[in-house]
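Structure, as structure tokens:
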Number of protein chains: 2
Amino acid sequence: MPTYEHPRPSVTVDVVVFGYDGGHDLKLLLIQRGSDPYQGQWALPGGFVEMDEDLEAGALRELEEETGVKDLFVEQLYTFGKPGRDPRGRVISVAHYALVNLSKHPAAAASDASEVAWFSLDKLPELAFDHAEIIKLATTRLRAKVRYQPIGFELLPEEFTLGELQALYETILGVPEFNKRNFRTRILRTGILEEVGRQQNVAHRPAILYRFNEATYQQLVEQRDSGVLRRALDFEI
Amino acid sequence: MPTYEHPRPSVTVDVVVFGYDGGHDLKLLLIQRGSDPYQGQWALPGGFVEMDEDLEAGALRELEEETGVKDLFVEQLYTFGKPGRDPRGRVISVAHYALVNLSKHPAAAASDASEVAWFSLDKLPELAFDHAEIIKLATTRLRAKVRYQPIGFELLPEEFTLGELQALYETILGVPEFNKRNFRTRILRTGILEEVGRQQNVAHRPAILYRFNEATYQQLVEQRDSGVLRRALDFEI
DNA sequence: TACCTTTGTTTAAATTCTAAACTAAGGAAT
DNA sequence: ATTCCTTAGTTTAGAATTTAAACAAAGGTA
């Protein structure tokens, strides 16, 4: 049965972009819709996938076209396909989420969609389509994933202190302040951090700067998956 | 921009159905393709999604049409959309996975696709499309998820002993034999099991039969999510 | 009645976690 | 130059948890 016999839904890719600037909240990148359905409302960056591009590539392309933001960590989240979720007809959206450090990717503002802005995750405007639901799922996923995979590092600058890392975890998880100095022990014993220097010009004892060591991490993942280690990567917060 | 201006990919739903019969391996439900691309090869049950049905509903419909199996736990897995994954053109597949206890759902055999059979997960035939890749991801997901969500109960009969539950965990995770009698402690202290009787006519001390208590589980999930409890549900194997 | 098998409990030692006290390293204030 | 303040980082004792082994129980079978 060749495909052309079937009526086909439209397929879009949308991206929930989380940004972090060292503060006490996560940011979310939204665009203001310039055209037809939900015109003027805020929405996730995204658009129709092209016939010859991979889904993730499409998500990154739409993101760059609409916001100018590129070169970031992106991963598939979930596919939303309930009939009626888009007034234009049957539209299935393959939602992604992405993480970005705002000091690396400066104030996104661009292009063919009318407006682009970063919103605090806990002060979002009204959203088009079912995008509020998508964002909620992305947030849940981020919170769950950050506990057992080192994706948080995507939100920090290349070099960071343990204090900054802990503040990020507290921000993502919404916990006021946890585990005090035990956080340090747990993260360091995994061996996935590498010392790269010390802070300069701070009005207190300068902290050690660390960098995420991807090679060591991959090695640990392999050892765990082959059964050599069991708990090596639990930095369970 | 109305959707009809865009070329549209085809969208299918596929289902990785895991079955368990109390033995030492997991089974996988496959169909033998009766038509055009990959004719005669084994493949996942699935097909084109209809214009007015939800993705999960489509997965269940195709599954029942092609194999006769219905009424089971199903969840979205991942969406596969690489160009070229289907020789018929651009086909995006929203893959799902499902869990079923084989004593409840007897030998699936049916219908419009030519053949249906259960295969041992570690003795799979050559597979059509990128279905081997989909199965691999589903297996990884099942192994990961069974450690922190009680989805394993979907694979057991209504009433089961702790020995049976442990055997299931060992089968899913591929561990020869773990934790001996501590498994019991960890599962029981969560409170998600409810005693419903004892085994009959066995040539040894009869084991207590348990049933999964969904209400207690939901209650614990809520308490955890609201921060009251932290570790209540870690039955981390 | 003795024995076999599997279920289920108890417990002591080992390990890990928690939280507090303590030490260190800067700049800023005096 | 000295003291003070702030944040970084270490040590450690007590609490809690995990592990693994010994032990006890409950059938059927010989």
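By convention in this document, chain letters (A, B, ...) are assigned in the order of the sequence lines, proteins followed by strands, and residues within each chain are numbered from 1.
For the pair E164(B) and T185(B), both in contact range of DNA chain C, the more 5′-proximal nearest nucleotide belongs to E164(B).
Of the residues L99(B), L155(B), L173(B), L168(B), the one that meets the side-chain contact (heavy atoms from CB on, under 4.5 Å) test with V146(B) is L173(B). Among K145(A), H96(A), R141(A), the one residue that satisfies the side chain to side chain donor-acceptor pair (under 3.5 Å) test with E75(A) is K145(A).
Under 3.5 Å, the side chains of E159(A) and Y210(A) contain no donor-acceptor pair of N or O atoms. In the model, Q166(A) has a side-chain atom that pairs as donor or acceptor with a side-chain atom of E170(A) under 3.5 Å.
Residue R184(B) places no side-chain N or O under 4.0 Å from the OP1 or OP2 atom of dT10(C).
Remark: P of dT7(C) and CD1 of I187(B) are 15 Å apart, rounded to the nearest angstrom. For Q199(A) and dG9(D), the CD to C1' distance is 13 Å, given to the nearest whole Å. Rounded to whole angstrom, the span from the CZ atom of F183(B) across to the C1' atom of dT9(C) amounts to 17 Å. Spacing between atom CZ of R186(B) and atom C1' of dA20(D) amounts to 12 Å, rounded to whole angstrom units. L188(B) places its CG atom 13 Å from the P atom of dT7(C), with the value rounded to the nearest Å. Spacing between atom CZ of F160(B) and atom P of dT6(C) amounts to 21 Å, rounded to whole angstrom units. Atom pair Q166(B):CD and dT7(C):C1' shows a separation of 12 Å (rounding to whole Å applied). Atom CG in L165(A) sits roughly 12 Å away from atom P in dA8(D) (whole-Å rounding).
Checked by atom type and distance alone, the side chain of T190(A) never pairs as donor or acceptor with a backbone atom of R186(A) at under 3.5 Å. A donor-acceptor pair under 3.5 Å links the side-chain atoms of R198(A) to the main chain of P206(A), judged by distance alone. Side-chain atoms of E66(B) come within 3.5 Å of backbone atoms of G46(B) as a donor-acceptor pair (strictly under, hydrogens ignored). Distance alone, capped at 3.5 Å, is enough to place a donor-acceptor pair between the Y20(B) side chain and the G23(B) backbone. In terms of modelled atom types and a separation under 3.5 Å, the side chain of Y217(B) and the main chain of L220(B) share no donor-acceptor contact.
Rotation axes derived from the C1' atoms of the five outermost pairs at either end of the helix from dT1(C)-dA30(D) to dT30(C)-dA1(D) lie 10° apart, to the nearest 10°.
For the residue pair T79(B) and Q76(B), the shortest heavy atom distance occurs at OG1-OE1, 4.3 Å.
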Atom pairs under 3.5 Å: protein N/O with N/O of nucleotides 21-23 of chain D:
none

Please tabulate the protein-to-nucleotide N/O contacts below 3.5 Å involving nucleotides 26-30 of chain D, giving atom names and distances.
{"unit_1": "dA26(D)", "atom_1": "N3", "unit_2": "R205(B)", "atom_2": "N", "d": "3.0"}
{"unit_1": "dG27(D)", "atom_1": "N2", "unit_2": "A203(B)", "atom_2": "O", "d": "3.1"}

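A heavy-atom distance below 4.5 Å is not found between the side chains of K27(A) and L121(A).
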